[in-house]
Amino acid sequence: MTPTVRRIGTCTEPATILIEGRSQIDGGLAYGRLEVQVYACDGHAREARAEWIVPPLTAFTAIAEPVVGRQCGDAADVG
């Protein structure tokens with residue numbers, strides 16, 4: 001499936017963090033399938049976790065390679 005790419009907000013600062021929105025499994029005690037990825041700058045990281053990833057999805061900060069070539073507010077619906 002091809003991700004649906006979209007923008008959130010108007011900030012165009014370079015992204016420094018990738019936040020994943022995942023569905024819940026096992027009664028909410030574990031995370032499941034990746035549904036959305038959002039990129040944020042340091043100034044919008046908290047907002048991205050709290051407001052850009054909406055329930056019932058759970059926000060997780062992705063621990064991976066540095067974010068390169070993305071702007072704050074870039075998002076991809078992958079689920």
Side-chain angles (χ1 to χ4, degrees):
M1 177 156 103
T2 303
T4 302
V5 179
R6 59 189 169 95
R7 292 275 312 145
I8 300 171
T10 59
C11 182
T12 57
E13 290 294 316
T16 57
I17 192 165
L18 168 61
I19 301 169
E20 299 177 339
R22 293 186 171 264
S23 58
Q24 295 181 353
I25 59 173
D26 299 331
L29 299 176
Y31 62 89
R33 186 172 60 142
L34 176 63
E35 301 286 342
V36 64
Q37 295 176 309
V38 297
Y39 294 86
C41 66
D42 287 339
H44 288 108
R46 180 184 302 260
E47 181 180 352
R49 283 187 205 91
E51 297 176 22
W52 298 355
I53 305 292
V54 295
L57 299 180
T58 302
F60 291 93
T61 300
I63 299 173
E65 296 179 24
V67 176
V68 177
R70 298 289 185 161
Q71 293 179 323
C72 181
D74 286 350
D77 297 309
V78 296

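Quick note: residue numbers are just sequence positions, from 1.
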Strictly by salt bridge (Lys or Arg N to Asp or Glu O under 4.0 Å), give each pair with a member in residues 4-22 just once, sequence neighbours left out.
R6-D77, R7-D74, E20-R22
Of all heavy-atom pairs between V78 and P3, which one has the smallest distance, and what is that distance?
CG1-CB, 3.7 Å
Using every non-hydrogen atom in the two residues, find where G32 and I25 come nearest and quote the distance to one decimal.
CA-CG2, 4.0 Å
With rounding to the nearest 0.5 Å, note down the distance linking CD in E35 to CD in Q24.
11.0 Å
According to a 4.5 Å side-chain heavy-atom criterion applied to Ile, Leu, Val, Met, Phe, Trp and Tyr, with indirect links allowed, do [X] and [Y] form part of one hydrophobic cluster?
X   : Y   : value
L18 : I53 : no
I8  : I19 : yes
Y39 : W52 : no

Test C72 against T12 for side-chain contact (heavy atoms from CB on, under 4.5 Å), laying out the working first.
CA-CA 6 Å; C72 181; T12 57; over 6 Å; no
